[in-house]
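None of these values were measured; they are calculated from a predicted model. Labels below follow one simple rule: chain letters A, B, ... track the order of the sequence lines, proteins then strands, and each chain is numbered from 1.
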Amino acid sequence: MPDAKIIPIHGDDPVVPRLVADLEPDAMARMMEFWEFVQRRLAGDYSVDDFGFDPEFNDKVLMALARPLYKSWFRVEASGLENVPEETGALVVANHSGVIAFDAVMTQLALLDEHPAHRHLRMLGSDLVFQSPFLGEIARKAGHTLACHPDAERLLSDGEIVGVWPEGYKGIGKPFAERYKLQRFGRGGFVAAALRTKTPIIPTAIVGAEETYPMIANATVVARLLGLPYFPITPTFPLLGPLGLIPLPSKWFIHFGEPIHTDQFPENAADDPMLVFDLTDQVREQIQQTLYRLLMQRTSVFG
Amino acid sequence: MGRVVLVTGVSRYLGGQIARILTKDPNIDQVIGVDVVPPKVKLSQMQFVRADIRNPVIAKVLGEAGVDTVVHMGVIATPRQAGGRANMKEINVIGTMQLLAACQRTPSVKALVVKSSASVYGSGPKDPAMFTEEMQPRHTPRSGWAKDSVEVEGYVRGFARRRPDVAVTTLRFANMIGPGIDTAMTTYFSLPVIPTVLGFDARLQFIHEDDGLEFVKRAVLGSYAGTFNVSGSGILMLSQAIRRTGHKRVSLPEFLFMPFGRSISSAGLIDFTIEQVRYLTFGRVLDTSLAQTTFGHTPLYSTPQAFESFLARREVSVA
């Protein structure tokens with residue numbers, strides 16, 4: 001299977017002008033390549049892993065759709081990528097915000113595009129995701145799976161980068177007034193998974209996602225009727241209808257922090273609840289401090 | 001002392017195949033086949049006993065022949081094979097109970113091999129990506145073959161407790177597929193227009209019939225007590241499998257899928273149960289490492305290769 005070319009589209013990259021110059025002879029080859037891609041997809045001639053992750057579909061379709069948001073809309077600046085291992089497993093733990101989980105997709109794209117090893121982020125989602133039509137299907141194809149111990153440990157032992165958002169719905173569904181205040185970090189299950197597999201935890205802070213949909217109220221009655229964890233009221237939604245779904249173009253920063261190593265703890269450390277709580281707090285504290293630091297550095301929300 | 005193996009369900013495809021394989025094995029002296037109807041293809045070396053395992057007669061057969069190993073292949077997957085759901089349940093559950101009761105009474109029985117199904121794990125959004133043998137189902141099957149398999153396994157566990165001297169091997173097979181076998185799955189993938197649930201894409205796993213039979217054979221010849229997941233490596237997405245068949249796919253919303261499924265199953269085309277539909281919605285994947293290390297055998301066909309082998313048969317039959 002021929003590997004597709006990765007064409008960097010950074011403005012400052014010297015490749016770009018050259019590419020535009022010799023587009024004519026190249027265009028034909030690229031069209032052929034695209035045609036072969038479509039043919040192969042339609043014949044079912046591709047492989048997925050045991051989780052249902054379809055790397056080709058993810059990289060060439062899903063991520064291609066999210067890339068304009070990353071580059072032009074949110075203008076994401078990723079830093080600390082050297083803290084993410086090149087080959088081995090690690091657990092990325094980040095703050096969750098912004099009503100729709102764009103922060104998760106942007107983190108995934110940061111690791112795929114900007115990490116030297118182009119790593120795939122395998123996220124752990126709630127069962128509500130896998131229960132929902134389309135959403136569950138796409139999440140599986142993008143490499144994500146259910147947040148549960150067996151899956152987390154399996155992925156980490158396989159040397160994958162696993163992403164968790166321990167605040168869950170409390171994080172993305174919180175009112176605008178509570179922006180950048182970390183919510184409760186669940187039961188610390190992610191820490192136990194990292195301890196059992198002896199993989200490092202990478203506390204990650206995301207700034208910018210809070211301002212995409214400033215949630216001024218939560219229509220709990222509507223949410224309950226629709227079986228959703230929350231139903232957001234923002235200045236534009238539902239007032240402007242579908243137009244209100246367009247996220248505000250805030251400027252984003254994603255920082256992958258100093259790893260917390262878990263291999264120095266004893267063998268059955270995961271069964272020591274006190275240690276698990278302490279580590280959970282340490283991760284939470286590190287993310288909160290990084291959030292404050294990034295917010296101090298930020299000059300304007302839409303800068 | 002020579003070995004005497006009794007195989008239930010020999011008149012159906014898999015039972016017949018395993019009986020044929022065992023008659024050819026030099027370690028086994030005698031193979032006794034049991035079923036309610038005579039097998040279509042006569043096996044010269046096999047002694048066929050026309051008996052219903054739901055009948056206590058089976059105990060006499062076991063005792064008189066000095067059977068040491070019982071291979072229970074007689075669990076039926078589709079009501080069509082049994083002539084109705086009630087009959088199917090009768091054969092699966094009551095039949096297993098009678099068979100196990102007879103085994104318990106027969107001191108010569110030293111090993112029991114049961115063909116079970118991965119359907120005991122159920123299927124749903126709360127499932128882990130891969131099931132290992134000790135995991136409990138998160139969505140307990142409530143109907144059809146899957147529920148029968150759960151009940152059969154329950155009785156088998158009870159039997160293992162009461163007869164600790166018997167090595168009990170339970171093989172939980174993924175969907176078996178290949179050039180010869182006919183199952184609800186092979187019928188489904190042979191439909192000219194294949195219905196799926198809109199917005200879902202199940203992860204499917206298959207085991208080639210030859211690999212499945214190899215595991216049963218090894219379980220009979222060796223002694224591997226325990227419960228094992230058996231499947232070919234890798235998975236296929238439902239959408240991907242349909243693309244490989246080259247057939248058309250029609251996606252229906254969940255609420256329309258069941259009535260549609262029921263209407264074609266009443267037309268005799270395919271047996272759609274709730275469990276089947278859930279499987280085609282959410283899929284299910286097994287972790288097969290325990291079986292591979294214990295049996296020292298890796299299936300020769302991966303999931304995509306097993307599916308390919310099924311497709312190859314179809315092309316031959318069309319030509």
Flag for A/Tyr230-A/Arg224: side-chain donor and acceptor within less than 3.5 Å
no
Flag for B/Ser302-B/Gln305: side-chain donor and acceptor within less than 3.5 Å:
yes
Can a salt bridge be assigned to the pair B/Glu153 and B/Arg172 using a cut-off of 4.0 Å between side-chain N and carboxylate O?
yes
Using non-hydrogen atoms and a limit below 4.5 Å, what part of residues 122-140 of chain B faces chain A?
B/Pro125, B/Lys126, B/Asp127, B/Pro128, B/Ala129, B/Met130, B/Thr132, B/Met135, B/Arg138
Mind ranking A/Gly136, A/Gly52, A/Ala147 by heavy-atom pairs under 4.5 Å with chain B and telling me who comes out on top?
A/Gly52
Portion of B/Ile242 that has a non-hydrogen atom of chain A nearer than 4.5 angstrom
neither
Sort A/Asp151 into side chain, backbone, both or neither according to what part of it lies under 4.5 angstrom from a heavy atom of chain B.
side chain
Which atoms of B/Arg244 are under 4.5 Å from chain A, going by heavy atoms: the side chain, the backbone, both sets, or neither?
both
B/Lys217, NZ atom: more than 12 neighbouring heavy atoms under 6.0 Å
no
Going by distance alone, is a donor N or O of one side chain under 3.5 Å from an acceptor N or O of the other, for B/Thr288 and B/Ser231?
no
Can you tell which part of A/Asp49 gets under 4.5 Å to a heavy atom of chain B, answering side chain, backbone, both or neither?
backbone
Check whether NZ of the Lys or CZ of the Arg A/Arg140 lies under 6.0 Å from the centre of the six-membered ring of A/Phe130 and within 45 degrees of that ring's axis.
yes
Of the listed residues (B/Asp287, B/Thr245, B/Leu236), which shares the most heavy-atom pairs with chain A below a 4.5 Å separation?
B/Asp287
Mind running side-chain hydrogen bond (donor to acceptor under 3.5 Å, both in side chains) on B/Tyr13 and B/Glu209 for me, showing each step along the way?
CA-CA 10 Å; B/Tyr13 181 73; B/Glu209 52 187 76; 2.4 Å; yes
Distance-only side-chain donor-acceptor flag, A/Tyr169 / A/Ser126, under 3.5 Å:
yes
Taken to the nearest 0.5 Å, the spacing of B/Phe173 CZ from B/Ile207 CD1 works out to 6.5 Å
